[in-house]
Each structure stands twice: as C-alpha cells, then as structure tokens.
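In what follows, chains are A, B, ... by sequence order, proteins preceding strands, each numbered from 1. All heavy atoms count here, side chains included; hydrogens, waters and symmetry mates do not.
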Amino acid sequence: QQQVKQSPQSLIVQKGGISIINCAYENTAFDYFPWYQQFPGKGPALLIAIRPDVSEKKEGRFTISFNKSAKQFSLHIMDSQPGDSATYFCAASRNAGNMLTFGGGTRLMVKP
Amino acid sequence: SAVISQKPSRDICQRGTSLTIQCQVDSQVTMMFWYRQQPGQSLTLIATANQGSEATYESGFVIDKFPISRPNLTFSTLTVSNMSPEDSSIYLCSVEQSTDTQYFGPGTRLTVL
C-alpha cells in the first residue's frame, strides 16, 4: 500500500478556533480522498470527501482543501467545538470503491 | 447509508484459540473489506471479501491466519486463527455503496491473553 502521511499526530484547539490537519500522498493514481472521524469505541464515520477535479469542498464547518500539484490535502474545522474532539483520519484510494490507504490519524482535543 | 453490524462487539480470548467475527449489512453491497486497527494506531486493510470466490489478501496477511467467507452480498465473516497477544486489535468491516463511499461497521474489540 502506498503511504499517506498525516500531521500533526495530536492537536489541541480552543473552542471557536480553527483546527487544521494535513495529509500528503505519494501515489498519483489516487483519485478519491475521504476524511473519517472516529470516537473512542466506535468505527470511523465518513466526514467529507473530495476528488482531485476540485480544489476545495465545504460541508458545514468542515472544509477540504486539495493541492494536486503538491499532492497534499487538508481538513479545516471552523468554529471547533468540544464535541469535535475525536481522532481524524485522512485516506486515499484509486477510486471510491477501492481499498483505502489511511494516514496515521490525528487526535484532536477542543478545549471549552 | 448502509447500516452495518458486527458481532461480537468485543471479546477476550485465550492464546491459541480462534475467533470468528461476523459482519452484516442491511442492503446488498458489492465490495466488503476487513481492516485491523491496532491499539492507538491507524487502520490497515487485511483483505477484500469477494462474494463467491476467495478473498484478496494484502501483503502481510495470509488466509491461514485470517480466513474470510462471503457467502452472499450482505454478510461476511473474518476468523482470527491461533491467536496471540499481538492479534489484540479492533477489527472493522467496511462496505462500498453505490454512492461510491465506504462505510465502516462499529468494530470488534479483541483482546488476546
């Protein structure tokens, strides 16, 4: 599996702040980039996903920015809330129905 | 999205024994996958469960250790065989739906003593 590198490993943000998580990939054949949110004891839940034909996708407080030339994509959580405290995983695949290669995960804590 | 259930939700097993994990989906799906998530780690694909044929395993995973069945389009099992403490992980099934997204089950938390 080609590697997907995710940073930071952990992140502490004040309530109302912006949380930013970054990922970089190697395989240029990847064309589907989802983000998953995982709470303790639960399976990962799909948060938002993007394809390389767009540079940004926004859903509510969550935005993915995508830079194809740099092979990087990031998740921005606006107005972060304590309920957003979870582990976030970026992933990539050659198409949406194929196996996912996951980043290492980011443990986000939003302080009240 | 598909509703995915896994059984058991957690188990504590003795070294050398085997455990079969079930994954049930409430609708027919083409693709089903099994992942492993070791404590505090990310997810690693074990295999793709193919309906009506042998599973496709990723590097580092073999059928003798992780036999998989997929008898129909809504059900799959993963067996963790001859367990050791290193097999202690969360095992997750995921499915791909027609909306081209992958959804995960709640996971099975396995502890091997």
Can you name the nearest heavy-atom pair linking Y35(B) to L100(A), along with the distance?
OH-N, 3.0 Å
Is it true that a side-chain atom of Y103(B) and a backbone atom of P44(A) form a donor plus acceptor pair closer than 3.5 Å?
no
Determine whether a donor-acceptor pair (N or O, by modelled atom type, separation under 3.5 Å) exists between the side chain of S42(B) and the backbone of G103(A).
yes
Which of P106(B), S9(B), G105(B), S59(B) touches chain A most, by non-hydrogen pairs under 4.5 Å:
P106(B)
Going only through I, L, V, M, F, W and Y residues with side-chain contacts under 4.5 Å, is there a path from I20(A) to V13(A)?
no
Is it true that V3(B) and L92(B) fall in one hydrophobic cluster, defined by side-chain heavy atoms closer than 4.5 Å?
no
Do the side chains of M32(B) and F75(B) join up, straight or via other hydrophobic residues, at under 4.5 Å, putting them in one cluster?
no
Inter-residue atom distance M99(A).CE - M31(B).CE, 0.5 Å rounding:
10.5 Å
Same cluster for I63(B) and Y91(B) if Ile/Leu/Val/Met/Phe/Trp/Tyr side chains link at under 4.5 Å?
yes
Intermediate values then yes/no, side-chain contact (heavy atoms from CB on, under 4.5 Å), Y36(A) and Q102(B):
CA-CA 10 Å; Y36(A) 286 85; Q102(B) 269 194 48; 3.4 Å; yes
Is it true that atom CZ of R10(B) has more than 12 heavy atoms of other residues, nucleotides or ligands lying nearer than 6.0 Å?
no
Rounded to the nearest 0.5 Å, what separation is found between the CD1 atom of I90(B) and the NZ atom of K42(A)?
12.0 Å
Would a hydrophobic clustering, with Ile, Leu, Val, Met, Phe, Trp and Tyr connected at side-chain separations under 4.5 Å, put L19(B) with F61(B)?
yes
Other residues, nucleotides, ligands: >12 heavy atoms within 6.0 Å of E56(A) CD:
yes
Toward chain A, the part of Q37(B) with a non-hydrogen atom under 4.5 Å
side chain
Identify which part of Q6(A) has an atom lying under 4.5 Å from any heavy atom of chain B, answering side chain, backbone, both or neither.
neither
